[in-house]
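Quantities reported herein were computed from a predicted structural model and do not represent experimental measurements. Basis for what follows: all heavy atoms, side chains included, without hydrogens, waters or symmetry-related copies.
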Amino acid sequence: MLKPLSPPLVTHMYTADPSAHVFEGRLYFYPSHDIDAGIPFDDLGSHFGMEDYHVFSVEGDEVIDHGLALHIKDVPWAEKQMWAPDAAHKDGKYYFFFPAKAKDGLFRIGVAVGDRPEGPFKAQPEAIPGSYSIDPAVFEDEDGAYYMYFGGLWGGQLQHYRNNAYSPDYLEPEAHENALGPRVAKMSDDLLSFAEEVREIKILDENGNELKAGDHDRRFFEAAWVHKYKGKYYFSYSTGNTHYLCYAIADSPYGPFTYRGRILNPVIGWTTHHSIVEHEGKWYLFYHDSTLSEGVTHLRCVKKAEITYDENGDIQTLNPYLE
Ligand code: FUB
């Protein structure tokens, strides 16, 4: 019998894709709100039919549900599938970033603004110009610049983009070709748009070569996150169909990032998706599995576990279940 490393943080609803931040000295997390929308399973994740977001905060063992922060009916451009969100704070305002499918069937990334970390947030009338695919993660650097990282394969549609242009004829590269990279763009001062053209990030192996598309144990799939530790940029992500959370390190927010290892071994359920945050001198991994629903792929639960670094700055791999 496997014993989970951590219990679910939320049990009165299904939650996933947690993006954790410390705002006003308090630890918040911004998850997807999983529901059973009654949509049949497919490889494009159509069964992830989420419609709204709640914001949560944690203090010790207490987790507070701050209630509805944004609903799809209040987002003029969005039609369905509110997937993994993130949040940022700047100049007294809170910004909530989220992907959703627009009426043309393509994912875009939107932003909604509020006065409090927990919302409510008011959505901008249009998605961020030039945005596409899924899983936005907004990183605030020490110099005050903000960068959005994003992208996800398969249902996240990243395979249909080259040089920021969409075509249904673009597909995943062949196994021997370079893997598709996650995307990054610096944000404008008001955090409502990109300040530059979206760039593709390279993830390199230990010899300085780009990871190949066939390297499913290491190549980027979805769930981008960036944090900084001892002056280095840590880009962490999910390998999707091989179910690892991995990380790579760089000297610049644009990369190139060099692959370093695994953060979390596979969980119960198809996906996991995470964030990493420092709070009161400790580092935490927020992630999800499907234990609360006893294994239902799209009914997930957010969890939290402490991570540690060794003297080289390498993150020690966690096993999500104990023997
Ligand atoms: O929650 C829907 C999708 O599942 C997310 O956008 C992906 O990262 C995966 O967790």
Side-chain angles (χ1 to χ4, degrees), residues 8-20 28-57 63-88 94-114 116-128 131-138 150 152 154-157 222-223 269-275 286-290 292-293 296-302:
L9 289 178
V10 179
T11 53
H12 65 284
M13 62 168 68
Y14 292 109
T15 55
D17 309 322
S19 290
Y28 287 86
F29 65 94
Y30 297 79
S32 299
H33 175 192
D34 283 356
I35 54 169
D36 190 352
I39 299 165
F41 282 51
D42 64 26
D43 271 351
L44 297 180
S46 306
H47 44 297
F48 292 92
M50 297 89 99
E51 297 176 344
D52 64 18
Y53 297 102
H54 284 225
V55 175
F56 297 81
S57 66
V63 177
I64 296 177
D65 176 356
H66 294 280
L68 184 68
L70 183 69
H71 194 284
I72 198 158
K73 68 179 169 41
D74 298 317
V75 183
W77 61 268
E79 188 183 54
K80 59 184 176 184
Q81 288 176 275
M82 295 186 110
W83 285 11
D86 193 16
Y94 291 87
Y95 297 81
F96 184 77
F97 301 94
F98 58 97
K101 266 188 190 158
K103 294 174 183 67
D104 62 4
L106 296 184
F107 271 109
R108 295 202 174 67
I109 296 169
V111 54
V113 187
R116 296 283 314 143
E118 65 271 24
F121 300 104
K122 183 165 173 40
Q124 294 293 296
E126 304 288 345
I128 295 174
S131 68
Y132 55 91
S133 196
I134 59 166
D135 291 0
V138 174
F150 64 92
W154 298 10
Q157 304 175 338
E222 63 184 7
W270 200 88
T271 72
T272 191
H273 179 134
H274 71 297
S275 57
F286 280 70
Y287 64 103
H288 69 237
D289 69 12
S290 293
L292 187 62
S293 66
V296 182
T297 304
H298 60 297
L299 298 177
R300 301 162 293 178
C301 57
V302 168

**OP:** Name all residues meeting the salt bridge (Lys or Arg N to Asp or Glu O under 4.0 Å) criterion together with Asp42; count only those two or more places apart in sequence or in a different chain, and write none if there are none.
**Re:** none

**OP:** Output the distance between atom CH2 (Trp77) and atom CD (Gln124), rounded to the nearest 0.5 Å.
**Re:** 11.5 Å

Original post:
Any side-chain heavy atom of Met50 within less than 4.5 Å of one from Ile72?
Top reply: no

**OP:** Identify the two heavy atoms, one from Cys301 and one from Val10, that lie closest to each other, and give their separation to 0.1 Å.
**Re:** CB-O, 4.4 Å

**OP:** Check for a donor-acceptor pair, side chain of Gln157 on one end and backbone N or O of Gly105 on the other, with a separation under 3.5 Å.
**Re:** yes

**OP:** Please confirm whether His47 and Phe41 have ring centers closer than 6.0 angstrom.
**Re:** yes

Subject >> Expected output: side-chain Ser290 to main-chain Ser293 donor-acceptor under 3.5 Å >> reply: no

Subject >> Closest non-hydrogen atom pair between Ile134 and Ile109, with its separation >> reply: O-CD1, 4.4 Å

**OP:** Drop me the distance from Phe98's CZ to Ser32's OG, to the nearest 0.5 angstrom.
**Re:** 12.0 Å

Original post:
Would you call Pro31 and Tyr14 a side-chain contact if the rule is heavy atoms closer than 4.5 Å?
Top reply: no

**OP:** Supply the atom-to-atom distance Glu222 CD to Trp154 CH2, rounded to the nearest 0.5 angstrom.
**Re:** 10.0 Å

Original post:
Considering all heavy atoms of both residues, which atom of Ile35 and which atom of Gly49 are nearest to each other, and what is their separation?
Top reply: CD1-O, 3.4 Å

**OP:** Taking all non-hydrogen atoms of both residues into account, name the closest pair between Pro76 and Lys103 and its distance.
**Re:** O-NZ, 3.1 Å

Original post:
Does the pair Leu70 and Val75 meet the rule for a side-chain contact (heavy atoms from CB on, under 4.5 Å), with working shown?
Top reply: CA-CA 8 Å; Leu70 183 69; Val75 183; 4.1 Å; yes

**OP:** Kindly assign one of parallel, tilted or perpendicular to the pair Phe56 and Phe29, based on the angle between their ring planes and the thresholds 30° and 60°.
**Re:** parallel

Subject >> With Val302, the side-chain contact (heavy atoms from CB on, under 4.5 Å) member among Asp34, Leu292, Thr15 >> reply: Thr15

**OP:** Search all heavy atoms of Val111 against all heavy atoms of Ile128 and return the closest pair with its distance.
**Re:** CG1-CG1, 4.1 Å

**OP:** Could you tell me which non-hydrogen atom of Asp65 sits nearest to which non-hydrogen atom of Gly67, and how far apart they are?
**Re:** OD1-N, 2.7 Å

Donor-acceptor contacts under 3.5 Å from residues 78-88 side chains, at least two apart:
unit_1: Gln81; atom_1: OE1; unit_2: Lys101; atom_2: NZ; d: 3.1
unit_1: Gln81; atom_1: NE2; unit_2: Gly45; atom_2: O; d: 3.3
unit_1: Trp83; atom_1: NE1; unit_2: Phe48; atom_2: O; d: 2.8
unit_1: Asp86; atom_1: OD1; unit_2: His21; atom_2: NE2; d: 2.6
unit_1: Asp86; atom_1: OD2; unit_2: Val138; atom_2: N; d: 2.7

**OP:** Kindly write out the residues that satisfy ring pair (Phe, Tyr, Trp, His ring centres under 6.0 Å) with His66, not counting sequence neighbours, or none if the list is empty.
**Re:** Tyr28

Subject >> Parallel, tilted or perpendicular, as decided by the 30° and 60° cut-offs, for the rings of Phe150 and Tyr132 >> reply: perpendicular

**OP:** To the nearest 0.5 Å, tell me how far Thr271 OG1 sits from His274 NE2.
**Re:** 12.5 Å

Original post:
Does any non-hydrogen side-chain atom of Pro136 lie less than 4.5 Å from one of Pro99?
Top reply: yes

Subject >> Short side-chain to backbone donor-acceptor contact, Thr272 and Asp289, under 3.5 Å >> reply: no

Subject >> Interatomic distance, Ser131 atom OG to Glu126 atom CD [nearest 0.5 angstrom] >> reply: 10.5 Å

Original post:
His33: what forms a ring pair (Phe, Tyr, Trp, His ring centres under 6.0 Å) with it, not counting sequence neighbours?
Top reply: His54

Subject >> Phe121: ring pair (Phe, Tyr, Trp, His ring centres under 6.0 Å) partners, not counting sequence neighbours >> reply: Phe96

Subject >> Residue pairs involving residues 9-20 (criterion salt bridge (Lys or Arg N to Asp or Glu O under 4.0 Å); sequence neighbours excluded) >> reply: Asp17-Arg300

